[in-house]
Protein chains: 2
Amino acid sequence: MFSCWLSQLCRGLSTPTRRTTQLIWSSASRSLVLSSQRRIPELSSFVARTNTCGELRSSHLGQEVTLCGWIQFRRQNIFLVLRDFHGLVQVVIPQDEKMPTGEIEIKVKTAKLLNSCKKLPFEIKDFMKKTEALRLQYRYLDLRSVQMQYNLRLRSQMVMKMREYLCNLHGFVDVETPTLFKRTPGGAKEFVIPSREPGKFYSLPQSPQQFKQLLMVGGLDRYFQVARCYRDEGSRPDRQPEFTQIDIEMSFVDQTGVQSLIEGLLQYSWPSDKGPVVVPFPSMPFAEALASYGTDKPDTRFGMKIVDISDMFRNTEVGFLQDALSKPQGTVKAICIRKGAKYLKRKDIESIRKFAADHFNEEVLPIFLKTNENWNSPVAKFIMEEQGSGLVKLLETQEEDVVLLTAGEHKRACSLMGKLRLECADLLEARGVVLRDPALFSFLWVVDFPLFLPKEENPQELESAHHPFTAPHPSDIHLLYTEPHKVRSQHYDLVLNGNEIGGGSIRIHNSELQHYVLATVLKEDVKLLSHLLQALDYGAPPHGGIALGLDRLMCLVTGAPSIRDVIAFPKSFRGHDLMSNAPDSIPPEELKPYHIQVSWPTDAETEKSSSNHPCRSES
Amino acid sequence: MFSCWLSQLCRGLSTPTRRTTQLIWSSASRSLVLSSQRRIPELSSFVARTNTCGELRSSHLGQEVTLCGWIQFRRQNIFLVLRDFHGLVQVVIPQDEKMPTGEIEIKVKTAKLLNSCKKLPFEIKDFMKKTEALRLQYRYLDLRSVQMQYNLRLRSQMVMKMREYLCNLHGFVDVETPTLFKRTPGGAKEFVIPSREPGKFYSLPQSPQQFKQLLMVGGLDRYFQVARCYRDEGSRPDRQPEFTQIDIEMSFVDQTGVQSLIEGLLQYSWPSDKGPVVVPFPSMPFAEALASYGTDKPDTRFGMKIVDISDMFRNTEVGFLQDALSKPQGTVKAICIRKGAKYLKRKDIESIRKFAADHFNEEVLPIFLKTNENWNSPVAKFIMEEQGSGLVKLLETQEEDVVLLTAGEHKRACSLMGKLRLECADLLEARGVVLRDPALFSFLWVVDFPLFLPKEENPQELESAHHPFTAPHPSDIHLLYTEPHKVRSQHYDLVLNGNEIGGGSIRIHNSELQHYVLATVLKEDVKLLSHLLQALDYGAPPHGGIALGLDRLMCLVTGAPSIRDVIAFPKSFRGHDLMSNAPDSIPPEELKPYHIQVSWPTDAETEKSSSNHPCRSES
């Protein structure tokens with residue numbers, strides 16, 4: 001007696017008219033038993049429905065079903081479109097006994113109103129039109145959007161595949177490590193938690209780094225965890241105070257081993273509709289990444305590489321180039337923007353030069369290869385006349401290209417050029433040129449980083465380029481005691497489309513070496529790490545690992561504009577939960593057991609602090 | 001040229017002589033390729049070894065292998081036993097070219113020392129002999145014990161099976177919810193985290209309760225998470241400030257649905273060597289649990305149920321029984337200890353009576369059924385003469401049994417008897433009687449709890465028996481507005497062998513009802529929950545869920561003496577990490593960004609606070 005009308009599978013499609021009522025459609029009996037072949041998850045086990053709104057087909061004809069959902073659309077209380085987050089289905093409420101026409105529809109036997117619904121503050125379907133502040137305030141409604149449903153469900157599925165790969169295929173052990181821990185040296189970005197002992201605080205660690213190394217000492221030789229981590233960086237766009245990493249550590253492993261594991265992990269867990277992941281990933285030394293892309297996380301989806309043209313200008317008579325090259329490490333760098341003359345406007349070039357002047361205090365010289373009359377400066381004209389053929393050869397320039405040229409210290413000039421390279425890519429894409437295929441996923445290992453970097457505030461002293469547990473490169477270990485700034489590390493970063501999505505290293509497993517690095521090279525307080533140094537003394541195996549930033553990875557996989565779009569309940573960029581209004585005031589009596597009190601800032605301090613936050617409004 | 005000598009599979013067996021060196025055994029080539037059938041995880045992928053120390057058999061004869069491990073035992077630098085956390089294998093270092101006899105052994109081609117090892121602070125094998133404080137201080141060594149390896153590896157496997165069941169079989173979505181949140185009403189046990197805004201604090205939630213309900217409003221209709229939760233209870237034995245729960249929520253579900261899901265979950269994830277889990281689990285109303293077992297978490301592995309014998313004593317002339325029965329709700333309760341007269345000593349009975357007097361201010365009357373001469377009091381003798389046959393009939397007593405009898409208000413008398421029941425079980429088992437089979441897992445649902453309880457400090461006011469989001473029992477909903485103390489809830493607890501391992505409920509999904517409960521019945525500040533009340537207004541579906549305490553569950557599954565034995569890095573019962581010495585002091589300048597300062601207690605306060613901690617020493 002019951003027939004079904006074809007439902008359209010539109011996962012998570014949202015409600016234009018879901019304003020007044022919510023209905024559950026309930027037939028008296030549950031005659032439909034789902035296939036016992038469990039390849040596809042049973043989405044209706046244990047609950048009131050027999051089917052989701054997305055799965056009914058003409059093969060279900062004649063069956064009795066129970067559906068639960070929200071009203072997507074209704075007409076004259078006769079026809080309804082019922083929605084859940086798996087799809088839509090048409091429902092007809094019989095007005096008389098005459099059977100309606102049509103192939104599949106659901107004829108209502110009983111209907112039960114389960115809850116009503118106030119007028120929504122915004123339409124669910126207008127995902128992108130809302131301000132983000134409004135979306136975050138009503139996050140529970142925003143989660144109903146197609147995009148958020150897709151992002152969160154895909155995240156769950158990908159993480160599950162990663163777990164299968166690690167646990168079931170490769171015998172990794174999922175170990176939960178504490179988040180209430182002790183502060184780490186240099187851990188100035190760690191949240192603190194007062195304890196009930198006066199003056200004693202826990203810290204929320206930035207990663208399970210120490211714990212995973214201690215697990216290796218403890219014989220849990222293949223560890224992983226989907227770990228919650230914390231970092232208090234105040235207000236920074238597209239960062240979250242709590243975030244998630246896929247945290248991995250192995251004993252008796254080298255760099256190649258960790259890299260193969262991760263390549264396999266991503267290949268295994270990659271969504272099938274995003275195209276295959278080709279392994280092994282290419283690898284690039286840090287020095288090359290800097291020289292060719294001006295960054296440690298090159299976007300290798302497109303060329304426009306930085307070229308060193310210093311040699312060509314050794315005898316130049318152009319003043320600013322002469323100046324730059326006369327200094328130690330002075331260089332001249334160029335990038336070539338293909339067809340730039342066709343797409344870039346004069347004001348684009350001006351904004352590029354302004355950026356270089358403002359942020360790097362450097363001059364950038366644009367050279368248009370469109371026509372010779374187009375030189376925008378006598379200097380450019382002079383250069384093209386003097387070094388033109390060399391430039392054309394080295395940069396493989398063609399008609400209508402634009403060359404950007406700058407001079408300065410190697411690292412600084414590369415860094416500037418790296419930023420301009422991305423800036424120009426944005427400009428070209430805004431003009432309709434496709435440089436970075438959004439369907440392309442370009443993975444890259446960046447390796448051979450320096451182990452130490454000069455401290456910014458005092459370049460005579462060294463700090464860890466990554467963290468103090470990173471092992472030196474075996475070929476450079478002799479330099480550690482003489483020229484530590486020259487030592488390369490066994491650190492590796494995983495880069496995807498110009499974003500760092502992971503980083504790891506082979507660790508120091510020798511207690512004496514670790515002590516030397518901490519105390520002598522870094523001049524850290526070793527007392528804070530005495531437990532780790534001691535652990536290394538008790539037969540610590542060689543070990544190494546990696547951590548993948550899950551939020552960033554999911555952001556790239558889903559193509560979401562922000563990591564906030566792959567997190568169910570993210571904080572605003574100022575660290576606020578706009579839905580519940582956290583952080584919040586706490587009555588003084590609730591602080592008493594923790595032996596703390598608020599130091600209210602003076603008016604002067606408040607003023608100063610608000611001037612540090614030029615943008616006080618949210619989102 | 002290489003032969004193997006049978007290795008003994010002894011997972012995680014620890015080192016008696018592992019004191020001086022650690023070796024890696026490395027053959028030049030890796031000729032052994034593991035089976036490509038991936039039913040068993042590949043434990044040697046990506047790393048230096050070709051095999052674990054536990055897996056070599058005579059079928060590997062003649063293959064070249066690379067092993068990595070710790071020296072378990074060595075004799076004259078010729079024979080070695082090499083160990084990792086999968087087993088042991090015998091190794092021989094060739095002294096000349098003559099082949100040794102024997103079926104399987106490993107003949108060393110090259111050996112490489114990877115790290116040395118200081119004298120250990122304790123022998124790994126003496127798991128139980130160490131003090132727990134020492135074990136926690138050197139946790140990374142303690143983790144090498146057979147027990148800890150087994151506990152943590154089994155935990156990982158069981159959680160993985162749970163994830164497979166939820167994600168792959170039943171379409172649940174794993175959603176990570178924030179831990180930096182806002183304080184909840186009555187959340188006095190929440191840790192606070194100062195933010196960079198003066199006077200504003202995050203709180204670490206005790207569970208993702210609000211978030212999982214908001215996810216239901218957001219259309220993520222089958223949610224789960226292995227969730228880190230926080231509770232600051234100061235010093236309590238066998239509690240941890242951070243703990244883990246399997247957190248589950250579903251839309252359009254009723255109590256039976258959640259219970260079936262959990263039964264299936266435990267059945268699917270249960271370790272095969274622990275015997276099958278029989279479903280469905282029996283169910284018991286709270287009132288029956290209290291009346292028969294004196295607790296809401298009955299250990300149903302043994303009988304010794306509490307029996308109400310009030311009616312038998314309506315006309316008694318025994319003073320303390322007369323007194324008790326003359327009061328409203330006055331009752332007489334008894335338990336029968338089978339063969340108690342044979343196993344219990346007089347001093348056992350005295351300690352039982354002392355416990356009742358000290359903790360409940362109640363009298364307990366023991367009646368020995370051994371011989372009539374044995375009456376230890378004239379009252380007991382008088383009772384046996386007056387009510388003897390009735391008692392024998394009601395309690396089914398036999399020769400040599402002991403009956404314990406008390407009188408008082410129903411709940412109080414039951415509670416005392418429940419405690420004595422467990423106490424007597426301990427005493428009998430100490431005398432060799434097996435009451436509670438350690439291989440038996442007795443699951444039980446306890447249902448039909450009261451929705452509210454009188455507040456201890458002011459019995460005129462009500463508080464939630466569980467939490468304010470619990471839905472009332474459908475049959476009792478009319479009482480909510482007239483006699484709320486009589487309303488039963490849709491809460492359910494899962495009990496295993498007398499331990500609560502989970503609890504959940506069908507939630508209130510109607511905004512008005514939720515507001516009434518919060519504001520009118522509980523007199524809570526609804527402002528703290530305005531986001532949740534608002535969310536319910538926007539078409540919230542009916543929903544319910546449960547949370548399983550993973551630490552407690554693993555403790556029972558593994559038979560560990562404490563939850564600290566199923567956690568990799570637990571805190572001591574005073575909340576300390578004895579390995580790293582957390583919580584720790586923090587320099588005042590690091591507190592400054594958080595606008596807090598320490599309120600150092602005065603000497604008088606310090607004294608008072610230490611008297612609250614009678615047991616200051618650790619573990």
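These figures come from a predicted structure and were not determined experimentally.
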Looking at side-chain heavy atoms only, is the closest gap between [X] and [Y] below 4.5 Å?
{"X": "B:H170", "Y": "A:P41", "answer": "no"}
{"X": "A:K200", "Y": "B:H576", "answer": "no"}
{"X": "B:E590", "Y": "A:V192", "answer": "no"}
{"X": "A:T256", "Y": "B:F46", "answer": "no"}
{"X": "A:Q149", "Y": "B:L220", "answer": "yes"}
{"X": "A:I567", "Y": "B:E176", "answer": "no"}
{"X": "B:P121", "Y": "A:Y538", "answer": "yes"}
{"X": "B:F569", "Y": "A:V175", "answer": "no"}

Compare every heavy atom of A:S45 with every heavy atom of B:M250, then report the nearest pair and how far apart it is.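 Shortest heavy-atom separation between B:M250 and A:S45 comes out as CE-O, 3.9 Å.
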Can you name the nearest heavy-atom pair linking B:Q534 to A:Y138, along with the distance?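 For B:Q534 versus A:Y138, the nearest heavy atoms are NE2-OH, 3.7 Å.
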Side chain, backbone, both or neither: which part of [X] has a heavy atom under 4.5 Å from chain A?
{"X": "B:L166", "value": "neither"}
{"X": "B:S251", "value": "backbone"}
{"X": "B:L204", "value": "side chain"}
{"X": "B:F211", "value": "both"}
{"X": "B:M579", "value": "both"}
{"X": "B:E589", "value": "neither"}
{"X": "B:Q210", "value": "neither"}
{"X": "B:S585", "value": "both"}
{"X": "B:L532", "value": "neither"}
{"X": "B:R139", "value": "neither"}
{"X": "B:R163", "value": "both"}

For chain B, which candidate among [options] shows the most heavy-atom pairs at distances under 4.5 Å?
{"options": "A:A582, A:S511, A:P241, A:S599", "result": "A:S599"}
{"options": "A:G544, A:G264, A:P588, A:P198", "result": "A:P198"}
{"options": "A:G219, A:S195, A:G171", "result": "A:G219"}
{"options": "A:I586, A:V253, A:L261", "result": "A:L261"}
{"options": "A:P178, A:G257, A:P194, A:A568", "result": "A:P178"}
{"options": "A:L152, A:L143, A:V598, A:D537", "result": "A:D537"}

Would you mind checking if [Y] and [X] are paired as a salt bridge, meaning a charged N to carboxylate O distance below 4.0 Å?
{"X": "A:D221", "Y": "B:R153", "value": "yes"}
{"X": "A:R183", "Y": "B:D584", "value": "no"}
{"X": "B:K182", "Y": "A:D577", "value": "no"}

Show your working on side-chain contact (heavy atoms from CB on, under 4.5 Å) between A:N168 and B:M160 and close with a plain yes or no. CA-CA 9 Å; A:N168 296 352; B:M160 187 64 200; 3.6 Å; yes
Name the member of [options] that forms the most heavy-atom pairs with chain A at distances under 4.5 Å.
{"options": "B:Q213, B:R228, B:R155, B:Q137", "answer": "B:R228"}
{"options": "B:D174, B:I193, B:L180", "answer": "B:L180"}
{"options": "B:L591, B:V159, B:V226", "answer": "B:L591"}

Output yes when a side-chain donor or acceptor of [X] lies under 3.5 Å from a complementary backbone atom of [Y], and no otherwise.
{"X": "B:R144", "Y": "A:V217", "answer": "yes"}
{"X": "B:H509", "Y": "A:L114", "answer": "yes"}
{"X": "B:S156", "Y": "A:V173", "answer": "no"}
{"X": "A:E242", "Y": "B:T179", "answer": "yes"}

For the pair A:Y202 and B:F191, name the ring-plane relationship: parallel under 30°, tilted 30 to 60°, perpendicular over 60°.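 Rings of A:Y202 and B:F191: perpendicular, as their planes differ by over 60°.
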Between B:F252 and A:W70, how do the two ring planes meet: parallel, tilted or perpendicular, split at 30° and 60°?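 Perpendicular.
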Run the side-chain contact (heavy atoms from CB on, under 4.5 Å) check on B:R222 and A:V47 step by step: do they pass? CA-CA 10 Å; B:R222 292 161 92 83; A:V47 295; 3.7 Å; yes
Under 4.5 Å from a heavy atom of chain B, the part of A:E164 involved: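 Both parts, backbone and side chain.
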